[in-house]
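Just below is one structure, and these are the notes that go with it.
Order of the sequence lines sets the chain letters (A, B, ...), proteins ahead of strands, with each chain counted from 1. Predicted model only: the values in this text are computed from it and were never measured.
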Amino acid sequence: MSSATGQKPVTEDLAREFGLTAEEYGNVLSIMGRTPSLTELGIFSVMWSEHCSYKSSRVWLRTLPTTAPWVIHGPGENAGVVDIGQGLAAIFKMESHNHPSFIEPYQGAATGVGGILRDVFTMGARPVANLNALRFGSPENPQTRRIVDGVVRGIGGYGNCVGVPTVGGEINFHPAYDGNPLVNAMTVGIARQDRIFLSAAAGIGNPVVYVGSKTGRDGIHGATMSSSEFDEDALAKRPTVQVGDPFVEKLLIEACLELMATDAIVAIQDMGAAGLTSSSVEMAGKGGVGIDLDLDAVPQRERGMTAYEMMLSESQERMLIVIHPDRTELARAIFEKWELDFAIIGHLTDTGHIVVRHQGRVEADIPLDPLADQAPLYRRPTAPSPEPAPLGPITDPVGIEQALIRLIGCPDLASRAWVWNQYDSTVGGQTVKRPGAADAAIVKVEGTSLGLALTTDCTPRYCRADARQGGAQAVAEAWRNIVATGARPLAVTDNLNFGSPEKPEVMGQFVAAIEGMGEACRALDFPVVSGNVSLYNETRAPDGSSVSILPTPAIGGLGVLDDVNRAIGLAMPDEGTLVLVGATRGELGQSLWLREIHGREDGAPPAIDLAAERRNGDFVRQQIEGGHVLACHDVSDGGILVALAEMAMAGEAGCILSAPQSGMRPEAFWFGEDQSRYVVAVRDAGAFTVAATAAGVETRVLGQVGGDGLTLPSGATISKARLKAVNSAFFPALMDD
Amino acid sequence: MKVRVTVMLKDGVLDPQGKAVGHALHVLGFGGVGEVRIGRVIELELDETDPAAAREKADAMARGLLANLVIEDFVTEVVA
Amino acid sequence: MKVRVTVMLKDGVLDPQGKAVGHALHVLGFGGVGEVRIGRVIELELDETDPAAAREKADAMARGLLANLVIEDFVTEVVA
Amino acid sequence: MKAGIVVFPGTNRERDMAIALRVVTGREPVMIWHGETDLPDLDLVVLPGGFSYGDYLRCGAMAAHAPIMPAIRRFAEAGGHILGVCNGFQILTEAGLLPGALLRNGALRFLSQDCHLRVERNDTPFTRRWNAGDVFRAPMAHGDGNYIADDATIRELEDSGRIAFRYSRPDGRVDEGDRQTNPNGSVKAIAGVLSANLRICGMMPHPEDLVDPLMGGEDGKPLFEGLVEALVR
Ligand SMILES: Nc1ncnc2c1ncn2[C@@H]1O[C@H](COP(=O)(O)OP(=O)(O)O)[C@@H](O)[C@H]1O
Ligand SMILES: [Mg+2]
């Protein structure tokens with residue numbers, strides 16, 4: 001077989017340019033028994049890229065717990081699927097678009113949202129909510145503002161247009177993300193359990209249908225680029241930026257859901273990274289069949305595209321469907337109604353090969369089994385990170401009041417309203433708790449009494465100090481945020497963002513974080529049902545060395561409320577007693593107080609006792625279910641006093657606080673970040689604490705709801721107006737808005 | 001001196017707007033319309049009297065702010 | 001034949017985008033910038049060989065769809 | 001009341017609108033596809049929110065030329081009642097069924113937040129459940145809601161009482177220059193306008209998203225209840 005005229009000769013050097021190692025290329029040669037064509041080399045290189053093959057992470061991901069009686073499909077499908085009752089399923093996943101968002105923040109973030117939406121509706125779900133977990137560089141870095149602006153506009157631009165409410169997320173700033181922001185987008189959808197669509201192709205001879213937008217030369221080699229280390233050169237790889245078209249995505253959602261209501265579909269898969277290649281290879285591979293593609297039939301946006309370009313294009317808003325042959329005209333009519341391209345571009349075969357034809361020539365002919373089975377799998381060397389040095393004695397140079405003011409105005413705690421006010425959070429008419437109203441967003445399942453509780457969480461500074469604790473903490477905080485609304489936590493999706501796996505210390509962080517996550521998931525019956533790994537998040541320092549981001553295993557959590565009317569928020573009610581649930585030792589290691597007041601990121605992160613986590617959370621949820629809790633907020637960044645300030649700012653009333661725990665320094669009590677704690681407002685504190693004691697849960701009365709601000713034990717009152725002014729200043733100042 | 005900067009998407013970059021407008025024109029009954037591309041014009045009143053200097057200034061502004069060179073190209077011209 | 005339709009806000013209609021760009025240019029250190037106005041260009045590939053006919057067609061499209069005459073003015077020109 | 005909701009490619013608040021109409025009428029509104037050329041027998045036509053045609057070119061511009069629009073025009077000429085919300089309002093102005101235009105928000109950002117609306121008159125089918133001067137809350141979610149019209153048009157709207165709603169403070173005070181209470185910068189803080197016969201109303205905020213205490217309140221419900229009262233045959 002000859003490669004197309006005018007194309008580069010395939011050599012080991014070219015293979016290396018494509019991101020394959022010499023050894024990997026050797027395997028390609030032995031699988032093929034000849035020199036591959038350029039198109040074949042392209043297919044191998046993307047399928048064996050970190051992004052598609054998970055070659056550095058696969059052995060570790062397998063160790064995560066992924067099952068529970070309510071899990072319908074765990075990792076391995078386009079998204080995770082869990083039973084939420086009443087014959088319905090929630091389908092959800094999180095995915096990164098980190099590198100594209102650095103190169104072109106608007107389009108990078110927008111296409112990230114588009115991609116994760118497709119992962120969810122491809123399974124038959126109507127998307128009902130989006131969330132996003134964002135990490136940006138230092139606010140002082142002049143690039144940060146441009147990136148924040150573009151990313152937020154991009155997420156809003158896409159999500160608002162497709163009409164899926166953006167209901168939550170999280171944002172951190174840290175210099176470790178200066179040249180490498182993280183944009184992790186999560187989508188949640190709802191489907192009937194008996195109408196879930198999978199991607200395994202079946203039925204020799206069945207047509208393979210292409211729908212959506214036309215193919216252009218967008219993002220060729222995006223999959224390999226997103227796996228390669230990121231540096232200034234990346235900016236020169238520009239012209240292949242993908243542009244999203246949310247309008248077409250909206251049409252695609254409606255058209256696919258309309259088709260899914262019929263019996264036409266055998267299998268369906270979105271075209272994500274490495275577009276046509278990965279979708280066709282994965283569908284055929286999972287179904288154990290062969291696939292023949294005729295690229296002349298592919299709808300093309302540009303003239304003269306080669307087979308190589310079409311197979312590797314990452315043009316957005318496209319899907320591949322295997323269809324029952326007698327339903328093709330029905331399907332065609334639906335896509336034509338929605339004014340989308342529809343083309344039969346191939347069929348399934350019994351050859352076990354993917355065969356790609358273009359202009360009368362076979363451009364690729366690859367056996368699928370070895371392409372999958374012999375994909376590289378690395379158990380890369382790991383090195384332990386040094387144990388964090390103990391914090392040692394610490395003083396309070398500013399006092400409680402000053403510290404609170406500094407904390408609630410700092411980048412990691414400042415109000416995110418500037419961000420979420422650019423996201424349509426109400427479209428669909430089912431948003432019960434909008435951003436900022438509760439620890440998890442609450443979205444009603446239309447036409448039922450059910451509610452979904454949704455959150456994303458991770459505390460990267462904990463992960464850097466101790467990746468295992470940090471991994472466990474991220475899972476626990478997601479679980480806690482769901483519990484705090486009264487919902488039952490069901491499952492998580494994750495987005496594991498790390499530096500270069502070729503650095504043993506990064507691999508060490510990765511492995512430790514997964515261990516910690518796994519422990520927490522097991523202890524909390526909170527399995528991982530989908531996820532994404534993003535490695536090589538590195539930037540080049542001026543001295544030429546490469547610097548890794550903070551280890552950031554972002555967790556997306558999902559819970560369910562059988563009766564959504566029972567969901568509670570965090571806003572201070574107009575009456576009640578404030579009670580702390582959970583034990584306080586006053587842990588200031590890696591706390592925001594330490595960072596903002598002392599400028600230090602030191603010490604061990606707060607320890608996490610998963611048995612206590614479970615006990616405290618189960619108790620809080622039962623109390624909410626029993627109708628005994630007026631408001632609830634978990635204690636996380638910034639500790640108890642920050643949690644109280646956030647409740648006050650969200651509500652109408654303030655609070656009057658009692659003296660801190662005796663025998664503990666006040667700053668350690670008010671700002672320590674001990675885990676597994678909640679602040680609740682209850683009407684009957686006596687009954688609540690008695691029930692807690694019976695459940696083996698430690699509680700402590702913090703004070704009373706009342707007044708117009710935070711009245712400290714000293715008698716000083718910080719007015720709510722002042723709290724709000726400080727809290728809401730950061731984003732407008734950063735963005736000059 | 002008035003300068004006009006015209007910013008268009010680079011060749012090969014998807015232009016969702018242009019695509020949608022092309023389609024709408026077709027539906028409206030305007031036949032014979034091929035590709036449609038949509039861009040931006042920025043008209044600047046500059047405190048310059050030398051056309052070459054004005055253009056140079058506009059070029060710098062386009063590179064620095066007005067165009068997103070990752071996906072867009074630009075042209076500057078002196079109009080008055 | 002390629003036709004360009006340039007659509008600008010009418011004089012007297014406040015152009016917040018233009019104002020914002022003017023401000024941003026100033027912040028970036030570009031001095032001597034007066035008024036900034038931002039508009040849209042639509043480049044149409046038309047199946048016409050006669051420039052006058054092409055312009056006429058483009059004018060009709062601009063009146064019918066491409067410009068909103070309540071707030072915008074337009075200019076058409078044949079560019080190739 | 002028989003209500004129909006027009007769905008264009010890119011419309012995305014048709015489900016919200018259907019819920020609101022169902023809440024007050026107890027019956028399912030008809031969905032009308034943009035490609036139709038006739039309307040069924042209806043008391044009310046609603047153009048809901050969304051991003052018809054992606055909001056490309058100008059919001060509502062392409063939808064204003066959709067095949068269904070001549071039928072909507074005929075319906076209007078025959079004295080039919082039409083409500084356009086958000087993108088629906090933009091479409092009505094682009095189609096010339098309501099005066100003025102909607103420009104980019106003054107701050108050049110999409111705004112998704114609650115706002116307060118002051119009811120300017122209560123003798124229309126859209127506002128009869130309120131008193132003039134009443135204030136209600138509604139979510140807004142748009143990038144282009146900055147209402148503008150030439151001076152003569154604004155004067156005419158004012159003089160003939162065709163301003164339905166203005167953005168205001170919770171206490172009803174209107175301050176055109178205040179970004180907190182007139183967030184998108186609309187001229188005279190205009191949030192909704194009426195046709196000369198008071199039977200067509202366009203507004204930017206979303207009363208349909210506030211018809212259920214669970215979603216944060218029922219502030220938007222009177223609009224729909226008033227329509228039912230006025231239009232039930
Ligand atoms: N990127 C974002 N998009 C939308 N909402 C966000 C985003 N970041 C934060 N939020 C919302 O802001 C609120 C506070 O965020 P965060 O401090 O992370 O909450 P918590 O500490 O309870 O997890 C939450 O309601 C969250 O969903
Ligand atoms: Mg959080």
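Heavy atoms closer than 4.5 Å to chain A are found in both the backbone and the side chain of D:Leu214. Only the backbone of A:Val162 has a heavy atom closer than 4.5 Å to any heavy atom of chain D. Proximity to chain A is limited to the side chain of D:Asp209, based on heavy atoms less than 4.5 angstrom apart. The contact between D:Tyr56 and chain A is made entirely by side chain atoms (from C-beta outward), counting heavy-atom distances below 4.5 Å. Residue A:Gln430 touches chain D through both its backbone and its side chain, counting heavy-atom pairs closer than 4.5 Å. Heavy atoms closer than 4.5 Å to chain D are found in the backbone of A:Thr431, but not in its side chain.
At least one donor-acceptor pair under 3.5 Å links the side chain of D:Asp16 to the backbone N or O of A:Gly428. For the pair D:Ser112 (side chain) and A:Tyr423 (backbone), a donor-acceptor distance under 3.5 Å is present.
Enclosure of atom CD in A:Glu339 by more than 12 non-hydrogen atoms of other residues, nucleotides or ligands within 6.0 angstrom is indicated. The number of heavy atoms from other shown groups lying within 6.0 Å of CD (D:Glu28) is above 12. Atom NZ of D:Lys188 sits in a sparse spot, with 12 or fewer heavy atoms from other residues, nucleotides or ligands closer than 6.0 Å.
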Requested in this report: Begin with the C-alpha distance, continue with both residues' side-chain angles, and end with the deciding distance and a verdict on side chain to side chain contact (heavy atoms under 4.5 Å, CB included) for D:Met215 and A:Val432.
Outcome: CA-CA 5 Å; D:Met215 310 303 161; A:Val432 175; 3.7 Å; yes
Query - side chain to side chain contact (heavy atoms under 4.5 Å, CB included) evaluation trace for D:Arg13 with A:Asp424 - result: CA-CA 11 Å; D:Arg13 263 187 165 84; A:Asp424 188 340; 2.7 Å; yes
Query - side chain to side chain contact (heavy atoms under 4.5 Å, CB included) assessment of D:Phe110 paired with A:Val152 - result: CA-CA 10 Å; D:Phe110 191 92; A:Val152 170; over 6 Å; no
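Distance check: A:Lys250 NZ to D:Ser52 OG gives 12.0 Å after rounding to the nearest 0.5 Å. To the nearest 0.5 Å, the span separating CG on D:Leu111 from CD on A:Gln422 amounts to 8.0 Å. Distance check, rounded to the nearest 0.5 Å: CH2 of A:Trp420 to CD of D:Gln113 gives 11.5 Å. Between D:Leu108 atom CG and A:Arg153 atom CZ the span is 7.0 Å, to the nearest 0.5 Å.
Side-chain rings of A:Phe247 and D:Phe51 stay apart, their centers remaining 6.0 Å or farther from each other.
Heavy-atom pairs under 4.5 Å with chain D peak, among A:Gly163, A:Gly429, A:Cys161, at A:Cys161. Top candidate by heavy-atom pairs under 4.5 Å with chain A, chosen from D:Ala141, D:Pro9, D:Gly49, D:Ala20, is D:Pro9. When the candidates A:Thr426, A:Asn421, A:Ile442 are compared by the number of heavy-atom contacts under 4.5 Å with chain D, A:Asn421 comes out ahead. Most heavy-atom pairs under 4.5 Å with chain D: of the set A:Val427, A:Asn565, A:Val164, this distinction falls to A:Val427.
Residues D:Trp33 and A:Lys337 are in side-chain contact: their nearest non-hydrogen atoms beyond the backbone lie under 4.5 Å apart.
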